[in-house]
Structure formats: C-alpha cells, structure tokens
There are 2 protein chains.
Amino acid sequence: MTIQQKPTSAPCMAKQRLRVWLRMLKATKLVEATVRENLRVEFDTTLPRFDVLAALYRFEDGLKMSELSAALRVSNGNVTGIVERLVADGLVLRIPVAGDKRATLVRLSIKGRETFARMAEAHAGWVNGILQDLSDEDCEQAIGILETVGRSPKLTAKVDAND
Amino acid sequence: MTIQQKPTSAPCMAKQRLRVWLRMLKATKLVEATVRENLRVEFDTTLPRFDVLAALYRFEDGLKMSELSAALRVSNGNVTGIVERLVADGLVLRIPVAGDKRATLVRLSIKGRETFARMAEAHAGWVNGILQDLSDEDCEQAIGILETVGRSPKLTAKVDAND
DNA sequence: GCTTGAAATTTCATGCTTGAAATTATTGGC
DNA sequence: GCCAATAATTTCAAGCATGAAATTTCAAGC
C-alpha cells in the first residue's frame with residue numbers, strides 16, 4: 001500500500017522557508033533591540049520586566065506565579081527572580097492565597113499600573129515607528145501568514161494555548 | 001506654514017502594526033524554542049554556539065573576534081565566552097594574527113566544520129517542518145514585507161550592514 | 001624615542017534564562 | 001489519621017547577554 005504523497009515541498013521550498021525564517025529572525029531582532037534600548041534609556045528597565053508588567057496589567061486581579069510563567073511561556077524559576085526585583089521596586093505586590101499556603105498571587109501596585117501605562121504607550125509608538133512602512137494590506141497579509149507558523153501538528157514543541 | 005502631512009498612520013494603523021509585531025514575536029519564539037530544544041536534545045549544544053559556528057562556517061578563513069561579534073550583532077564580551085567553550089570542545093581554533101599582537105583570528109577546526117555541517121542540515125529540516133504550511137507565494141510575500149521592517153531611517157538603533 | 005590616542009580584546013557586575021533538584025503544602029485513598 | 005502522589009514554588013548551577021571599565025598593543029606626530 002502506497003501512501004498518498006502531497007506534492008509537497010520540493011527541496012527548493014525548504015530553502016525558501018529557511019530564507020523566510022532568517023528574515024523573520026532579523027526583523028524580530030531589530031525590533032527587539034530597539035525596544036530594549038528604549039526601555040533602558042527612557043525607563044531604566046528591561047524587556048523581561050516589561051513583559052511581566054504587561055501580563056499583570058492585563059490580568060488585573062493578579063496571577064499565581066505559575067500562571068504568570070505560563071502566560072509568558074518562560075520557566076518557573078525565571079519569573080521568581082524578575083518578580084523579586086519588581087517587588088523591590090515597588091511595582092508589584094505579592095499576596096498570599098487564602099487556603100493554599102503553597103501559592104502566591106502576584107499583581108501590580110498602583111505605582112506599577114501607572115508606570116506600565118506610560119511604558120505601554122511609548123512602546124506602541126516605537127513599534128509603530130519601526131513598522132511604519134507596512135501598509136494596512138501588508139499587516140493583514142503578515143498576520144495571516146504568521147498565524148500559520150507552527151500550525152500543523154508536527155513535533156513543534158509543546159507550546160500552544162491562549163491568545 | 002502648514003506642513004504637508006502624509007495621510008499616514010491613522011492611530012488605527014499603529015494598533016494594526018502592534019498586532020503584527022506581537023504575531024511576529026510569537027512565531028519567532030516558537031521557531032526559536034523548537035530549534036533550541038532540538039539543538040539541545042540532538043546535538044547537546046545551544047543556539048548561541050550554533051550561531052557562532054554558522055558564522056565561522058561561512059567565513060572559511062576565519063574572523064577576528066571583533067568581526068565575529070559584529071557579524072552576530074552581539075557584544076564583544078559575549079563572544080569571548082562562547083568561543084572559549086567552543087575551543088574547549090575542540091570545534092574552534094584561535095590563531096594569533098601575524099603583526100598584531102592585539103587581535104586573534106578564530107576559525108573552525110576540521111571537527112567543527114564537520115559537526116556544523118550535520119547541525120545545519122538538521123536545522124534546515126526543523127525550520128522547514130515548522131514553516132511547512134507556508135506556500136511559495138506566502139514565502140515571497142513574507143520576505144517582501146519583512147524586508148521593509150526598519151527600512152525607513154527613523155532612529156531604529158544603529159543596526160544595518162551585511163547580508 | 002616618547003607620548004598620546006585609538007584599536008582589539010578581556011574582565012567584570014548584573015541580570016536573564018533554562019532544566020533539574022529540592023522544598024513545602026495539598027489532596028485522595030485507605 | 002496516615003501516606004503517597006501531585007502541585008506550587010524556590011533554589012541552584014550553568015550559560016548567555018549587556019554595557020562599562022580595564023588591559024594590552026599599535027600607530028602617528030613630534
């Protein structure tokens with residue numbers, strides 16, 4: 001019994017896809033470098049800290065440490081350190097969970113909320129600046145294409161879930 | 001005197017571009033996570049090491065440390081450590097530069113060259129797998145769009161140059 | 001032949017990141 | 001009421017990454 005083979009991926013397509021990946025990586029690094037630099041210079045903070053604040057800004061009622069690390073798709077131990085520093089800076093609060101002494105809830109302080117609001121606005125501006133050459137259609141297309149990445153269930157790591 | 005305003009970027013476009021950025025970031029992270037994981041499991045190595053090997057594979061005659069860090073767009077001190085470990089693994093050689101005791105040339109050993117060749121092949125396969133849903137047109141479009149990122153001379157960090 | 005400035009690296013402190021091991025608390029069965 | 005499995009975190013060692021400071025060497029000008 002022969003299996004129906006898709007007319008799939010001449011080896012040339014593989015090369016083409018690799019090129020896409022390299023371009024994508026390059027563009028991403030450019031944006032990231034800019035954001036990092038601007039966060040450093042204008043807010044004296046870092047991208048990981050910004051990411052944590054963003055997640056907590058979105059979930060106003062706070063998140064448990066494990067929920068936070070899941071939301072950010074980073075390791076558990078990682079958030080521990082970042083949150084530690086954010087707490088030290090007074091941007092984040094740790095609240096014990098009633099009825100479960102293992103867990104702690106983490107949420108923004110007032111100051112954290114205000115600070116992040118300012119950062120987020122600036123951030124949107126930076127990104128808009130770097131992507132300023134993308135037209136509306138470009139955006140639509142890009143989003144459509146990017147959404148298919150990793151869609152087909154190969155063994156694409158155990159990443160999926162929300163948003 | 002009023003300045004001629006491009007019909008540019010209704011605030012809505014800014015939001016749209018931000019969405020593109022978030023998608024792009026997500027897709028990139030997915031690919032990167034997969035590549036990292038596979039490098040770790042199948043070759044017991046890391047992405048930064050792979051990147052260094054790739055650069056040296058391309059420049060057969062070797063690179064000076066500063067050329068290497070420029071090619072990879074990472075800090076000088078960073079490469080020092082990675083190269084150190086690659087030398088310890090026997091994949092990379094350090095060669096003094098005749099006539100300049102400050103600089104050293106860094107290049108692949110035979111073993112390094114062979115090892116990287118195998119890695120690169122596997123790498124291309126992984127990427128092709130993750131991007132398998134991208135058609136030829138998708139690729140063309142994606143590349144075209146990605147190339148415009150950061151094109152316009154805003155203050156987009158001091159990144160440009162080769163490839 | 002000095003000296004001063006620039007160039008090529010390394011060193012350093014700090015922080016991010018991971019996976020694995022350890023810790024502490026909860027839960028369900030018995 | 002105990003006990004094993006599971007869950008929520010933290011701790012840890014290693015490596016990556018940065019910008020800044022320190023080191024060593026070179027290259028001109030005088």
Side-chain angles (χ1 to χ4, degrees), chain A residues 28-29 32-41 43-53 55 62-89 91-92 94-106 157-159, chain B residues 28-29 32-41 43-53 55 62-89 91-92 94-106 157-159:
Chain A
T28 299
K29 277 186 174 170
E32 242 192 57
T34 307
V35 170
R36 277 182 203 277
E37 172 74 2
N38 288 342
L39 281 176
R40 189 174 70 86
V41 171
F43 292 98
D44 188 30
T45 192
T46 66
L47 190 49
R49 276 166 159 94
F50 178 83
D51 288 340
V52 166
L53 294 181
L63 289 173
K64 290 197 290 182
M65 288 299 279
S66 49
E67 292 171 335
L68 182 53
S69 60
L72 297 174
R73 301 174 197 290
V74 298
S75 68
N76 254 342
N78 190 356
V79 233
T80 300
I82 300 175
V83 165
E84 234 164 40
R85 286 179 279 270
L86 288 173
V87 169
D89 290 350
L91 301 177
V92 162
R94 303 194 70 144
I95 305 167
V97 171
D100 189 342
K101 275 182 241 175
R102 294 170 303 178
T104 44
L105 210 60
V106 171
K158 65 289 182 191
V159 185
Chain B
T28 299
K29 277 187 173 169
E32 242 192 55
T34 307
V35 169
R36 275 181 203 277
E37 171 75 1
N38 287 342
L39 281 175
R40 188 174 70 86
V41 171
F43 293 96
D44 189 28
T45 192
T46 65
L47 191 49
R49 273 167 161 92
F50 178 84
D51 289 340
V52 166
L53 294 180
L63 290 173
K64 290 197 290 183
M65 288 297 280
S66 47
E67 292 172 336
L68 183 52
S69 60
L72 297 174
R73 301 173 198 292
V74 298
S75 69
N76 254 342
N78 189 358
V79 233
T80 300
I82 300 176
V83 165
E84 234 166 40
R85 286 179 280 271
L86 288 173
V87 169
D89 290 350
L91 301 177
V92 162
R94 304 193 70 144
I95 305 169
V97 170
D100 190 341
K101 278 182 236 174
R102 292 171 303 179
T104 42
L105 210 61
V106 170
K158 66 290 183 187
V159 185

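Predicted, not measured: the structure shown is a model, and the values here were computed from it. All chains are named by letter (A, B, ...) in the order of the sequence lines, taking the proteins before the strands, and each is independently numbered beginning at 1.
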- Item | Nearest-0.5 Å distance that lies between atom CZ in A:R40 and atom CG in A:N38 | 10.0 Å

- Task: Using atom CG of A:L39 as one end and atom P of C:dC16 as the other, report the distance to the nearest whole Å.
- Result: 12 Å

- Looking at A:V92 and A:V106, what are the two nearest heavy atoms and their distance? CG1-CG1, 3.4 Å

- Quick one, give me the B/S/- string for nucleotides 6-13 of chain D, reading 5' to 3', where B means a protein heavy atom under 4.0 Å from the base and S means that only happens at the primed atoms, P, OP1 or OP2. -BSBBB--

- Message: What is the separation between atom CG on A:L86 and atom P on C:dG15, rounded to the nearest whole Å?
- Response: 12 Å

- Note on the structure: Answer for the Watson-Crick or wobble partner of D:dA28, both distances under 3.5 Å, is C:dT3

- Starting at atom CD of A:E37, determine the distance to atom P of D:dT18, rounded to an integer number of angstrom. 11 Å

- Task: Give one of base, sugar-phosphate or nothing for B:I82, where a contact means two heavy atoms less than 4.0 Å apart.
- Result: sugar-phosphate

- Message: I need the CG-C1' distance between B:D44 and C:dA20, as an integer number of Å.
- Response: 15 Å

- Considering only heavy side-chain atoms of A:R85, the closest of C:dT18, D:dG15, C:dC16 is C:dC16

- Give every residue pair that meets the side-chain hydrogen bond (donor to acceptor under 3.5 Å, both in side chains) criterion with at least one member in residues 95-104 of chain B, sequence neighbours excluded. B:R94-B:T104, B:D100-B:R102

- Please report the closest heavy-atom contact between B:N76 and B:S66, naming both atoms and the distance. OD1-CA, 3.9 Å

Would you be so kind as to tabulate the donor-acceptor pairs closer than 3.5 Å made by side chains of residues 78-88 of chain B, with sequence neighbours excluded?
none

- Query: To the nearest angstrom, how far is B:I95 atom CD1 from C:dT9 atom P?
  - Reply: 13 Å

- Message: Tell me the interatomic distance from B:L68, atom CG, to C:dA7, atom C1', rounded to whole angstroms.
- Response: 17 Å

- Item | Closest-nucleotide ordering on DNA chain D, the 5'-leading residue of B:G81 and A:R40 | B:G81

- Below 4.5 Å, heavy atoms only, C-beta onward: do A:F50 and A:L53 meet side chain to side chain? no

- What is the minimum heavy-atom distance between B:S69 and B:S75, and which atoms define it? CB-O, 3.8 Å

- Query: Rounding to a whole Å, what distance do you find between A:E32:CD and D:dC16:P?
  - Reply: 18 Å

- Item | Under 3.5 Å on both distances, the Watson-Crick or G-U partner of D:dA7 | C:dT24

- Task: Can you tell me the distance, in whole Å, between the NZ atom of A:K29 and the C1' atom of D:dT18?
- Result: 14 Å

